[in-house]
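Down below is the structure, laid out as structure tokens.
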Amino acid sequence: ANEQVIDGRGWRSGALVETRELTQWFFKITQYSDELLSALGALDKWPEKVRTMQANWIGRSEGMLIRWALDKASAPKGQSELEIYTTRPDTLFGASFMAIAPDHPLAKAASEKNRALAGFCDECRRLGTSVADLETAEKMGFDTGIRAIHPFDKDWLVPVYVANFVLMDYGTGAIFGCPSGDQRDLDFALKYKLPVVPVILPAGEDAKTFAIKDKAADGDGTMINSKFLDGLSTKAAFEEAAQRLETTKLGKSAVGQRNVNYRLRDWGISRQRYWGCPIPVIHCDDCGIVPVPAKDLPVKLPEDATFDKPGNPLDRHPTWKNCACPACKKPARRETDTMDTFVDSSWYYARFTNPTSETPIDPKAAAYWLPVDQYIGGIEHAILHLLYSRFFFRAISDSGHGPESNNLREPFEALFTQGMVTHETYKSADGKWLPPNEIKIVGEGAARTATELSNGQPVEIGDIIKMSKNKKNVVDPDEIIGHWGADCARWFMLSDSPPERDVAWTEAGVQGAGRFVQRIWRLIEDAAGKAAPAGAPMPSAFGDDALALRRSAHKTLAQVGRCIEGLRFNVAVAQLYDFTNQFSAALGKSSTGLDWAIGEASQVLTKMIGPMMPHLAEECWSRLGYNTLLANEPWPAADPALLVDDSVTIAVQVNGKRRDELTIARDASNEDIQAAALKLEAVVRAMEGRLPKKVIVVPHRIVNIVG
RNA sequence: GCCCCGAUGGCGAAACUGGUAGACGCGCCGCACUCAAAAUGCGGAGCCGAGAGGCGUGCUGGUUCGAUUCCGGCUCGGGGCACCA
């Protein structure tokens, strides 16, 4: 944190802000709302989903702040106007009430002389805190008796209600209600018998017959019942109303002002718990809030805290919180709140660029390494961790603690959100969750049944869900590694599902991976005995089978390389299975130069499995006679000449239906392909004697005969 | 309520920019080896049909010589946000 604490919300960068009587600490992420939102567009290596989620979370809306004069006769003393926020100034002529939050200053002022109103506000606060049934909470309002003057008509008085659905911390905590144009306002108006004047005529409706019943017209349309706005589209009406409000004065300044609002709130980092970094400030009766001097950082947690009671162990620790004020040296108190753990995860990647640096971040190392080229994490971090990190990285840079680089704003260049490992769940007869190693499963498919190992009681087999300690559907990694080996576990997880999707951990699946591990070992063993010695010169000619093996090896190499680059590991695995099948078959053949091709294939296969099964690959490498570490070997290059075949197989369709296929020289002309296709027996039969009207030939792919 | 994503065999899935749907694996079936089992090897299979053939990528229209892929409407499933003015 910055060493300067600045009061209120006039904060710039890096400071902790005290905002309430009860000290709660915030980071002013809202300072960056606009940048965090607009910069999302440039994160083209992030999933669209995550960018959308962040954009929604930041929640930008363009609207207007409008000041309504209050009718003097009805307003409490000292209150002369009410400022509201709206995104729909175009619907102002449909206004039939104002609504303010129970905590709005005007509500408080009015409550002083109105006990019933004060009671209503208290009731709202009480209900408001039990968030549980916010969803079903009924809209409630209370007429304050105050009247506001319509900005477009000084003789039009609008009643001011306190309403439970208006939030103090969004906009200005006050709205105007247009029942015909907003469903929530309509519900409220119907309940309190307020006027409903249609102002938007949806396309296709007739102005003479159009009426609002219980469904508001909240879309676009043409303005009606709106005086000078009549006939305009909603968009044009917004502009017209906005311009008039901007140029009309109330007192010294304009009635209306265009304004951008964000849903994003400041980041409350205060936690009343032991496990977290202490917020490094000291409370002094004379000096107020004083930052802990840099030389005394970090503030360490006491090691003798007790956890026998609920509440914050730091707060009730007998001595830890007592200290001297760094400014005046008088006795003072430490802040006992600790930081949200998301604070730490917001900059660890920058620290990692030089973990021994004296300063939190080494500007040179950070500039050299950052941004992170490829960040991988779960989708559960889509908003909080990833948004906080984007903010924090900017904040540390703007406060002079970041990388030595002018325009490094984003910490993570590319983002990949991987799926989770899931497992079946098991429940005992008395409703307790059971771990997989305490049950026995018999039968297959729909006939599978499970029993408890300890007592033979029947067990219910449940859904396949994310592994969690709570549901006990967990397989201990140590057990997996002990039984199957780490390579097998890796291989299974990579092979089964694309990495962005969940993967279901199943015993059968791991067995399959285990078999493949054995198979590779046997294959390399066999191949080592048949291969030309390492370093033997490449023969000048190859027989058909030797050439086929080489082609297969090089094609697989090219594909696996592409798949790994694209994080498509399951496809890479499939290619490796495929190649292994072909390699095995080739070992039984005899062909000119086959021994050399086998040597090459062994080497290539070993290198390809290296990133996924490093232990096995090293063993294979050694078995092949190399005394180096495979991990230090470069990724092999595929020979482009071996990636294309001399002949291609293309499908032949008649009227869009596949009838046969055709193998022909790769460089055959369209005429040759067409002629060969028309001669095929299945084609002749399907044509039933008709002449082709049209023949489409797509070289190397397909022939479609229309007729 | 608003926004986003997805739907392919018994299962996990693959299919480059509209061009042979189901690669590869799991499971299954058959065979070989074995006293037997496991392991291993070989072979089979989308569904219907003896076969020829027909039907098939959630449903339904459309564009196209050709649609899992593009467009419209719908159904179901998953996720995010949610009195946001």
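Only this structure's heavy atoms are used, side chains among them; waters, hydrogens and symmetry mates stay out. Labels below follow one simple rule: chain letters A, B, ... track the order of the sequence lines, proteins then strands, and each chain is numbered from 1.
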Length of the line joining A/E500:CD and B/rA14:C1', which is rounded to integer Å: 13 Å
Of the listed B/rC81, B/rC4, B/rG19, the closest approach to the A/Q653 side chain comes from B/rG19
Using atom P in both nucleotides, what's the gap between B/rU8 and B/rG62 to the nearest angstrom? 25 Å
Distance in angstrom units between A/D660 CG and B/rU20 P, rounded: 15 Å
Mapping A/M53 and A/G509 to their closest nucleotides on RNA chain B, which lands nearer the 5' end? A/G509
Classify the nucleic acid contact of A/N704 as base, sugar-phosphate or nothing, counting any heavy atom under 4.0 Å across all strands shown. base
Under the rule syn = chi within 90° of 0, otherwise anti, which is B/rG66? anti
Separation between the C1' atoms of B/rG12 and B/rG1, rounded to whole Å: 36 Å
Distance, rounded to the nearest Å, where A/L386 contributes CG and B/rG80 contributes P: 15 Å
Can you tell which of B/rG19, B/rC84, B/rC65 lies closest to the side chain of A/V706? B/rC65
May I ask you to check whether A/Q582 and A/S552 show a side-chain donor-acceptor distance below 3.5 Å? yes
Nearest-nucleotide pick for A/A508, side chain only, options being B/rA82, B/rC26, B/rA14: B/rC26
Any side-chain N or O of A/R659 below 4.0 angstrom from OP1/OP2 of B/rG54? yes
So which nucleotide from B/rC3, B/rG54, B/rU20 ends up closest to the side chain of A/N56? B/rC3
NA contact type, A/N581, heavy-atom cut-off 4.0 Å: base, sugar-phosphate, or nothing? sugar-phosphate
Which letter, B, S or -, goes with each nucleotide of nucleotides 37-46 of chain B from 5' to 3', with contact meaning a protein heavy atom under 4.0 Å? ---SS-----
Tell me what A/R685 touches on the nucleic acid: a base, only sugar-phosphate, or nothing, going by heavy atoms under 4.0 Å. sugar-phosphate
I want to verify a distance call: between B/rG12, B/rG79, B/rC65, whose nearest atom is closest to the A/S497 side chain? B/rG12
Would you check, one step at a time, whether the test salt bridge (Lys or Arg N to Asp or Glu O under 4.0 Å) holds for A/R258 with A/E239? CA-CA 10 Å; A/R258 285 176 210 254; A/E239 280 306 310; 3.2 Å; yes
Just the rounded figure in Å: distance from P of B/rA85 to CG of A/L186. 17 Å
Do A/S96 and A/Y192 have side-chain N/O donor and acceptor atoms under 3.5 Å apart? no
Using a heavy-atom cut-off of 4.0 Å across all strands, would you classify A/V652 as base, sugar-phosphate, or nothing? nothing
What contact category does A/T86 fall into here, base, sugar-phosphate, or nothing, at under 4.0 angstrom with non-hydrogen atoms? sugar-phosphate
With no angle test and no hydrogens, is the base of B/rC83 tied to the side chain of A/K139 by a donor-acceptor pair under 3.5 Å? yes
Provide, to the nearest angstrom, the distance between the CE atom belonging to A/M493 and the P atom belonging to B/rA13. 16 Å
Expressed as a whole number of Å, how far does the P atom of B/rC29 sit from that of B/rA39? 13 Å
Of the listed nucleotides B/rC84, B/rG54, B/rA15, the one nearest the side chain of A/R184: B/rC84
Without decimals, in angstroms, what is the distance between A/Y170 OH and B/rC81 P? 17 Å
For nucleotides B/rA14 and B/rG9, find the distance between their P atoms and express it as a whole number of Å. 13 Å
What's the closest nucleotide to the A/N570 side chain, out of B/rG19, B/rA23, B/rA14? B/rA14
Rounded distance in Å - CZ (A/R658) to C1' (B/rC55): 16 Å
Is the number of heavy atoms from other residues, nucleotides or ligands within 6.0 Å of NZ (A/K45) greater than 12? no
Which value, in whole Å, describes the distance between the C1' atoms of nucleotides B/rA82 and B/rC4? 15 Å
Which residue, A/W57 or A/R501, contacts RNA chain B at a nucleotide closer to its 5' end, judged by nearest heavy atom? A/R501
Salt-bridge criterion met for A/R568 and A/E565 (N-O under 4.0 Å): no
Between A/S61 and A/Y85: side-chain donor-acceptor atoms closer than 3.5 Å: yes
Presence of salt bridge, A/R125 and A/E123, under 4.0 angstrom: no
Assess the side chains of A/D90 and A/T234: does a donor N or O sit below 3.5 Å from an acceptor N or O? no
Which stems, defined as runs of 3 or more consecutive Watson-Crick or G-U wobble pairs with both pairing distances under 3.5 Å, involve RNA chain B? B:1-7 with B:75-81, B:10-12 with B:24-26, B:28-32 with B:40-44, B:46-48 with B:53-55, B:58-62 with B:70-74
Roughly how far apart, to the nearest Å, are B/rG25 and B/rU60 at atom C1'? 34 Å
Rounded to whole Å, how long is the line connecting atom NZ of A/K49 with atom C1' of B/rG79? 4 Å
Strictly by modelled atom types, are A/Q183 and A/D187 linked by a side-chain donor-acceptor pair under 3.5 Å? yes
B/rU68 and B/rG56: how far apart are their C1' atoms, nearest whole angstrom? 12 Å
Would you tell me whether A/S669 and A/D672 have side-chain atoms, one donor and one acceptor, within less than 3.5 Å of each other? yes
Measure from the side chain of A/E661, starting at C-beta and using heavy atoms only, and say which of B/rU20, B/rC84, B/rG54 lies closest. B/rU20
Shortest non-hydrogen separation from A/R88 to A/G219 and the atoms involved: NH2-O, 3.8 Å
Write down the distance separating the P atoms in B/rA52 and B/rU20, rounded off to the nearest Å. 23 Å
Among B/rA14, B/rG19, B/rU20, which nucleotide sits nearest the side chain of A/T649? B/rU20
Considering only B/rC55, B/rA14, B/rG25, which nucleotide approaches the side chain of A/K657 most closely? B/rC55
Under 4.0 angstrom between A/Y577 side-chain N/O and B/rG25 OP1 or OP2: no
Ignoring hydrogens and angles, state whether a donor on the side chain of A/Q418 or A/R501 is under 3.5 Å from an acceptor on the partner side chain. no
From CA spacing to verdict: side chain to side chain contact (heavy atoms under 4.5 Å, CB included), A/V648, A/T663: CA-CA 6 Å; A/V648 289; A/T663 301; over 6 Å; no
